[in-house]
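Not measured: the values here are computed from a predicted model.
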Amino acid sequence: MPLKQETMQRKMFVGKAASPGYAIAKTKLIVRQRFTISQLKIPKENTANQIEFFRRGIWQVKKEISNLRDLTLQMAGKEESKIFDSHLMILQDPSLIDSVISLIRNEQWNAGYAFHLYMQNLIDGFEKKDGIFKDRALDLKDIYNRMLLHLNSGENNFVLQEEIKEGVILTGFSIGPNMLMHFDKEKVLGLAIDSGSTTSHVSILARSMQIPAVMGLGNLSESINAGELLILDGTNGIVIINPDENDISKYKKQIEVFQNQKLELSTMRDLEPITMDGKYIRLNANIERYEEASEITSFGATGVGLYRSEFLYFGRDTLPTRSEQAEAYRNVTHQLEPLPVTIRTLDAGGDKMLSSMNMETESNPFMGWRSIRLCLDRKDIFKEQLKALIEAGDRGNLKIMFPMISSVSEIERAKDIYNDCCTELKAEGFHIPKIELGAMIEIPAAVLIIEEIAKRVDFLSIGTNDLIQFTLAVDRSNGKIAYMYEPHHPAVLRSIKLIVDAAHKEGIPVSVCGEMASDPLSTLLLVGLGVDEFSMVSWCIMECKKIIRSINYDEARAISSEAIKFSDANSINDFLRKKYSQKIKRLGISSFIITQDFSSSDRALIRVDGHIERVGV
């Protein structure tokens, strides 16, 4: 009697939206590279041959990577090809070459094992760290695998990637730039990867090559079989395994809309973000690494609204020096001149711990010793950063933003320390440029005293992610209550209105940064509430610009004024859809179409960032 065929189970995963776009295709599992590394003690008289063998391997791999760099230059551009320059620099590093040669000559290990010992120790060190350093571990693994192909020739069981014969979505634990460039670009329809981040080299390459990608998916590759059907949504960071007919129908329409939209949005890049009746709304980009600065103008950004400086501090045993910081900040301010660049001072603590500071674990870290509180207590760290920022502000386009402000005294103390830095730098012979100082409003206490805060700063920025969480007492990473994370809750919207009114009373601009800034309905609502600037991930900018250029500012103000009078979020959302949904659909705004089509439980999941799996929804 034949066995009953097991029903293919629909599963949804949420990761990090690393490269926008959509794909429906079968999965191709990336084979984990495996080696049998020979561990041999060699006679003293053979060490010279092994050293020469190692040097020849270095030369061969450098040649291969140089070819990949040239290919990337043709396919993705000059900036992206520089990714492989960093790989070449690693191979030319004297400490690597000298250490491996020393292990061959003094310990009498064969070349393959000597290289393995050195690189494995290096990779392990990077993997124990956070953020950008984990991304660099992927680059090191790329080089490690490629070198061992040569050094273990004839002695390895390395599994080569099969040739791709049709369009697929690559799925696996990790993928490096070398491996991605190994495949035929026309047949790689998307990337769904367990590890990695939006700032990894492979994510940067995927965006440049216009390959949709979702990174940081946790255990996705363990939950899927080769050849299973996937839907990949690189715009919202969603992957659906074994989608149903409903999913497939929706995303087929979405792919068609997205392709048409890409062509149309490309014409938006050089147009002004201005409403039909002449209101200019600045559209800035969020960045985490200075290397991202080269991307933002291609998306039509009018500046950087949030540079998260804490990423310079992550994954290292020592604090970054003043000169290191100044160079990183200067790379952005100089490259983007005259566009404005807003850099947020160190926002560590909470879920962003610094190993270099031996920070203690707290029972409630998000409300603990973090952000401006940490900086005001550790003036030594704060002053080093402020001095680096002042040095990098020599082109006149830098703004400095203090995060997590909850009182007037915090602003005054931060400004006093800034003025002390200016005095000390002046004594060192530095010219002190004009730099605007601002506050990030993300705590309800700051909203209630916003008029006093607005009198003491040059600009305000609303951090909607934390403001919503703290106002509603909702941890959006908690799946049980994620549905309660409601950006259009009247308490949130009325808080934003209070902030905007206080800023405009003092004649200073107010911006919104956070996921709310890139949601189409929220964009229309926030413009109507009087927000002057938005800051978001780069690829959402042209879509947002299209919305802004299609509306009348006075009309938007009238609609928003009515919206915030409702007493609950559902009524507000119903009212906004009634007023705007037809307009947005006529514009073909992709993110709106998809989120409207999911069930309520799916929409709650979409808002949650992290490695969350919802089965059978």
Side-chain angles (χ1 to χ4, degrees), residues 128-133 287-290 304 306-333 341-362 364-394 398-428 430 432-433 435-440 442-443 446 456-457 461 463 466:
K128 287 173 185 174
K129 299 176 181 179
D130 300 315
I132 189 174
F133 289 88
I287 66 172
E288 295 174 356
R289 293 168 49 215
Y290 64 80
V304 170
L306 173 62
Y307 178 177
R308 299 179 173 95
S309 67
E310 56 270 17
F311 285 87
L312 285 171
Y313 293 75
F314 289 160
R316 52 189 297 160
D317 298 324
T318 58
L319 293 165
T321 64
R322 176 172 137 192
S323 60
E324 280 181 88
Q325 293 183 69
E327 182 181 1
Y329 305 145
R330 201 181 287 119
N331 280 338
V332 179
T333 57
V341 175
T342 301
I343 300 181
R344 182 176 68 189
T345 56
L346 178 60
D347 187 15
D351 59 343
K352 295 175 283 191
M353 306 298 284
L354 300 183
S355 55
S356 56
M357 287 184 60
N358 297 316
M359 298 176 75
E360 294 179 7
T361 303
E362 297 178 288
N364 194 354
F366 289 95
M367 295 186 184
W369 192 61
R370 56 173 287 213
S371 301
I372 196 66
R373 300 167 182 178
L374 182 156
C375 289
L376 293 176
D377 282 353
R378 289 294 306 269
K379 288 184 185 177
D380 54 330
I381 295 173
F382 196 29
K383 288 181 78 171
E384 282 291 279
Q385 182 177 35
L386 289 174
K387 287 180 180 180
L389 286 165
I390 294 165
E391 288 183 43
D394 58 339
L398 175 64
K399 298 180 176 185
I400 297 174
M401 179 164 63
F402 303 123
M404 206 182 173
I405 294 298
S406 62
S407 67
V408 167
S409 64
E410 287 173 337
I411 282 288
E412 291 178 338
R413 289 172 63 196
K415 289 177 70 177
D416 286 343
I417 295 170
Y418 173 82
N419 289 330
D420 289 344
C421 291
C422 290
T423 302
E424 291 169 17
L425 284 174
K426 200 177 290 185
E428 293 177 26
F430 282 95
I432 307 302
I435 296 175
E436 293 186 5
L437 303 179
M440 197 164 196
E442 46 199 331
I443 298 175
R456 292 164 171 82
V457 294
S461 180
D466 275 348

Query - With sequence neighbours excluded, residues passing side-chain contact (heavy atoms from CB on, under 4.5 Å) with N331 - result: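 Y290, E327.
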Indicate the atoms forming the closest heavy-atom contact of [X] with [Y], along with that distance.
{"X": "P433", "Y": "Y418", "value": "O-OH, 4.5 Å"}
{"X": "C421", "Y": "I390", "value": "CB-CD1, 4.0 Å"}
{"X": "A388", "Y": "A326", "value": "CB-N, 3.6 Å"}

Among all residues two or more places apart in sequence or in another chain, which pass the salt bridge (charged side-chain N to carboxylate O under 4.0 Å, His left out) test with [X]?
{"X": "R322", "value": "E391, E428"}
{"X": "R413", "value": "none"}
{"X": "D466", "value": "R370"}
{"X": "E424", "value": "K383, K387"}

Query raised in the report: What residues, two or more places apart in sequence or in another chain, satisfy side chain to side chain donor-acceptor pair (under 3.5 Å) together with E442?
Result: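 Once residues adjacent in sequence are excluded, E442 has no partner under the side chain to side chain donor-acceptor pair (under 3.5 Å) criterion.
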Query raised in the report: Does S309 have any side chain to side chain donor-acceptor pair (under 3.5 Å) partners at least two apart in sequence or in another chain, and if so, which?
Result: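 So S309 forms a side chain to side chain donor-acceptor pair (under 3.5 Å) with Q385.
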Minimum side-chain heavy-atom gap [X]-[Y] below 4.5 Å:
{"X": "F382", "Y": "L346", "value": "no"}
{"X": "L319", "Y": "I381", "value": "yes"}
{"X": "V341", "Y": "Y329", "value": "no"}
{"X": "L376", "Y": "I417", "value": "yes"}
{"X": "S461", "Y": "T342", "value": "no"}

Report task. Would you give the length of the straight line joining atom CG of N419 to atom CG of L437, rounded to the nearest 0.5 angstrom? Result ->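 Those atoms lie 8.0 Å apart.
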Report task. First locate atom CZ of R330, then atom CG of L389, and finally report the distance between them rounded to the nearest 0.5 Å. Result ->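 Nearest 0.5 Å value for the CZ-CG distance: 11.0 Å.
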Return all side-chain donor-acceptor pairs below 3.5 angstrom for residues 398-411, not counting sequence neighbours, or 'none' if the list is empty.
{"unit_1": "S406", "atom_1": "OG", "unit_2": "E410", "atom_2": "OE1", "d": "3.1"}
{"unit_1": "S406", "atom_1": "OG", "unit_2": "E410", "atom_2": "OE2", "d": "3.4"}
{"unit_1": "S407", "atom_1": "OG", "unit_2": "S409", "atom_2": "OG", "d": "3.1"}
{"unit_1": "S407", "atom_1": "OG", "unit_2": "E410", "atom_2": "N", "d": "3.3"}
{"unit_1": "E410", "atom_1": "OE1", "unit_2": "S406", "atom_2": "N", "d": "2.6"}
{"unit_1": "E410", "atom_1": "OE1", "unit_2": "S407", "atom_2": "N", "d": "3.3"}

